[in-house]
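Numbering of ligands and ligand atoms starts at 1, following listing order.
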Amino acid sequence: MDIRTLIKEEVLAQRAYGVENAAFPVKLDANENPLAMPEELRGRFSAMLSSIPLNRYPEPGSPALAARFAKAFGVGRDQVMIGSGSDELIQILCTAVARPGAEAMIPVPTFAMYRITSQNAGLTVAAVPLDGMFDLDLAAMRERIAAHPPALTFLAWPNNPTGNCFSRERVEAILREWPGIVVVDEAYFHFSGKTLLPEFNRHENLVILRTLSKVGFAAMRIGFLIGPPALVHELDKVRLPYNLNAMSQAAAGFYLDHEEAFLRQAEEIRGWRDELFAAMKTIPGVHPRPTDANFIFFGCDFDTDRVYGQLMERGILIKNFNAPGAMRNHMRVTVGTREENRLFIEALKDIIP
Ligand SMILES: *Cc1c(COP(=O)(O)O)cnc(C)c1O
């Protein structure tokens with residue numbers, strides 16, 4: 001028997017999402033916080049983990065934690081859902097709205113999981129290219145919704161990999177005009193300082209995503225969805241009962257207890273980002289784009305496939321987006337520590353033709 005005859009077409013058609021998993025001494029590909037947890041917190045963190053009763057199931061739905069974060073976000077407890085990373089929350093959203101013929105609108109290029117998760121859930125994907133400034137092409141998006149209103153629209157704000165926040169007027173026009181759910185993914189909030197949270201109660205279709213992954217807790221998989229109570233109520237039926245393991249729940253609480261320490265790290269990274277940007281600007285043939293995130297997207301006057309490979313040979317991993325069209329010879333580098341950024345800049349200068 002051919003096992004593939006049992007698999008959905010949408011799944012067969014995909015290539016597995018490749019993440020480079022070799023160990024690189026300078027790892028600047030995944031937009032992680034380059035800093036470990038501050039030394040003075042580690043003892044408390046491990047004591048907390050070791051007191052977790054591993055023989056018991058975790059609290060289903062993390063209610064106490066959701067209440068704490070709701071308070072921190074300034075919204076109601078019934079407006080928050082916690083997931084195993086925002087990736088899981090994207091999957092729950094897609095699963096819940098995937099009625100026959102339902103569509104997800106995705107401005108591209110953007111975060112790859114929107115498309116992958118939508119397709120796996122059985123949603124049709126309407127990929128609408130961004131304009132020449134990597135901002136939303138409202139005219140093209142309006143044309144598409146007139147033909148087929150999307151159940152879900154994904155807006156990463158700031159966008160990954162381009163680093164910019166789409167203009168606020170365009171995002172707000174979408175929120176006003178669109179009949180479906182509009183997901184504003186604020187994964188890089190700690191670096192942009194920009195949020196639609198204060199607008200939250202003015203839009204019935206707005207869903208905001210946040211994560212602790214980019215601010216120091218990538219390994220723990222902790223994400224947040226903030227949405228209207230009626231939606232959160234339905235999504236809760238799709239969520240697996242024990243979606244957030246006990247260690248992640250404890251880690252999320254620990255983050256809140258010690259948030260200033262992690263916000264200080266984010267502030268330090270913003271400083272390094274500005275230094276890295278300035279250094280990249282001085283390299284001929286390298287064109288960094290303004291960024292609101294903890295990474296820099298840049299176009300090059302040379303073949304990035306070759307440069308990407310040569311950086312890897314030197315133990316430096318970044319992300320290469322080279323593809324025909326707007327992404328030709330574009331790469332993305334995560335802001336590392338000062339030392340990592342220096343190694344990257346020196347290697348790049350050395351390699352480029
Ligand atoms: C990194 C990233 C995420 C991933 O979040 P997790 O909480 O780690 O699942 C979500 N959205 C965007 C735009 C990202 O770049």
Side-chain angles (χ1 to χ4, degrees), residues 17-21 27-34 62 65-66 69 73 80-95 104-118 120 127 130 134 136 152-166 171 181-192 194-196 207-227 235 239-240 243-245 247-249 251-252 255 262 266 269 273 289 291-297 317-319 321 330-335:
Y17 183 61
V19 179
E20 202 55 66
N21 62 2
K27 190 176 178 305
L28 303 176
D29 66 317
N31 304 340
E32 295 146 331
N33 177 345
S62 336
L65 198 59
F69 275 93
F73 294 138
V80 173
M81 181 168 184
I82 308 189
S84 181
S86 33
D87 283 354
E88 188 198 20
L89 298 166
I90 293 167
Q91 186 179 46
I92 289 172
L93 275 163
C94 289
T95 306
M105 180 179 281
I106 304 176
V108 289
T110 191
F111 186 46
M113 292 316 295
Y114 301 150
R115 183 198 285 269
I116 295 168
T117 310
S118 298
N120 282 341
L130 296 172
F134 293 123
L136 297 170
L152 271 181
T153 298
F154 286 104
L155 306 177
W157 203 68
N159 190 35
N160 175 10
T162 57
N164 57 309
C165 278
F166 304 134
V171 172
I181 296 166
V182 178
V183 180
V184 176
D185 182 347
E186 299 181 344
Y188 299 95
F189 164 72
H190 300 94
F191 306 99
S192 71
K194 293 182 189 165
T195 177
L196 290 185
V207 167
I208 293 176
L209 296 179
R210 291 278 185 93
T211 178
L212 298 188
S213 292
K214 311 293 153 81
V215 76
F217 284 77
M220 298 310 286
R221 315 298 302 123
I222 302 157
F224 307 93
L225 178 148
I226 303 151
L235 296 180
R239 182 183 58 73
L240 294 174
N243 65 326
L244 200 68
N245 76 67
M247 287 188 282
S248 299
Q249 290 189 24
Y255 169 85
F262 301 101
I269 294 163
R273 168 185 72 189
R289 303 192 62 93
T291 179
D292 276 313
N294 65 337
F295 57 82
I296 296 174
F297 187 60
L317 183 65
I318 66 169
K319 190 116 176 154
F321 287 93
H330 277 72
M331 299 203 278
R332 184 193 73 198
V333 61
T334 303
V335 179

Identity of the nearest option to [atom], non-hydrogen atoms only, from [options]:
atom                    : options                        : result
atom 12 (C) of ligand 1 : Asn160, Ile222, Asp185, Leu209 : Asp185
atom 14 (C) of ligand 1 : Lys214, Met220, Glu32          : Lys214
atom 4 (C) of ligand 1  : Ala218, Ala156, Ser86          : Ser86

Go through the structure and list residues passing ring pair (Phe, Tyr, Trp, His ring centres under 6.0 Å) with Tyr188, not counting sequence neighbours.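 Partners of Tyr188 by the ring pair (Phe, Tyr, Trp, His ring centres under 6.0 Å) criterion, ordered by chain and then number, come out as Phe295.
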Under the ring pair (Phe, Tyr, Trp, His ring centres under 6.0 Å) test, residues paired with Phe321 that sit two or more places apart: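 Partners of Phe321 by the ring pair (Phe, Tyr, Trp, His ring centres under 6.0 Å) criterion come out as none, since no residue qualifies.
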I'd like to know whether ligand 1 has Arg221 as a neighbour, heavy-atom separation below 4.0 Å.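 Flag set, Arg221 near ligand 1.
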Can you tell me how far apart [atom1] ([X]) and [atom2] ([Y]) are? Round to the nearest 0.5 Å.
X      : Y      : atom1 : atom2 : value
Lys27  : Ile318 : NZ    : CD1   : 12.5 Å
Ile208 : Asp185 : CD1   : CG    : 10.5 Å
Ile82  : Arg239 : CD1   : CZ    : 9.5 Å

Where's the contact between Tyr114 and ligand 1, heavy-atom distance under 4.0 Å: side chain, backbone, both or neither?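 Tyr114 to ligand 1: side-chain contact only, backbone stays beyond 4.0 Å.
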Under 4.0 Å from ligand 1, counting heavy atoms only, is it the side chain of Asp87, its backbone, both or neither?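 Within the 4.0 Å criterion, Asp87 contacts ligand 1 through backbone and side-chain atoms alike.
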Considering only the protein, which heavy-atom contact is closest to atom 15 (O) of ligand 1, and what is its distance?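 Heavy-atom neighbour on the protein nearest atom 15 (O) of ligand 1: Tyr188 OH, 2.6 Å.
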Going by the order shown, which atoms of ligand 1 are within less than 4.0 Å of some heavy atom of Ser213?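 What qualifies from ligand 1 is 6 (P), 7 (O), 8 (O).
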Per-atom contacts, ligand 1 versus Gly85 - under 4.0 Å to a heavy atom: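 Here the atoms of ligand 1 in question are 6 (P), 7 (O), 9 (O).
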Taking the basic N atoms (NZ, or NE/NH1/NH2) and the acidic carboxylate oxygens, is any pair closer than 4.0 Å for Arg332 and Asp29?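 A salt bridge is absent here (no side-chain N lies under 4.0 Å from a carboxylate O).
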So which heavy atom on Arg273 is nearest to which on Ile296, and how close?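 Looking at all heavy atoms of both residues, the shortest contact is O-CD1, 3.9 Å.
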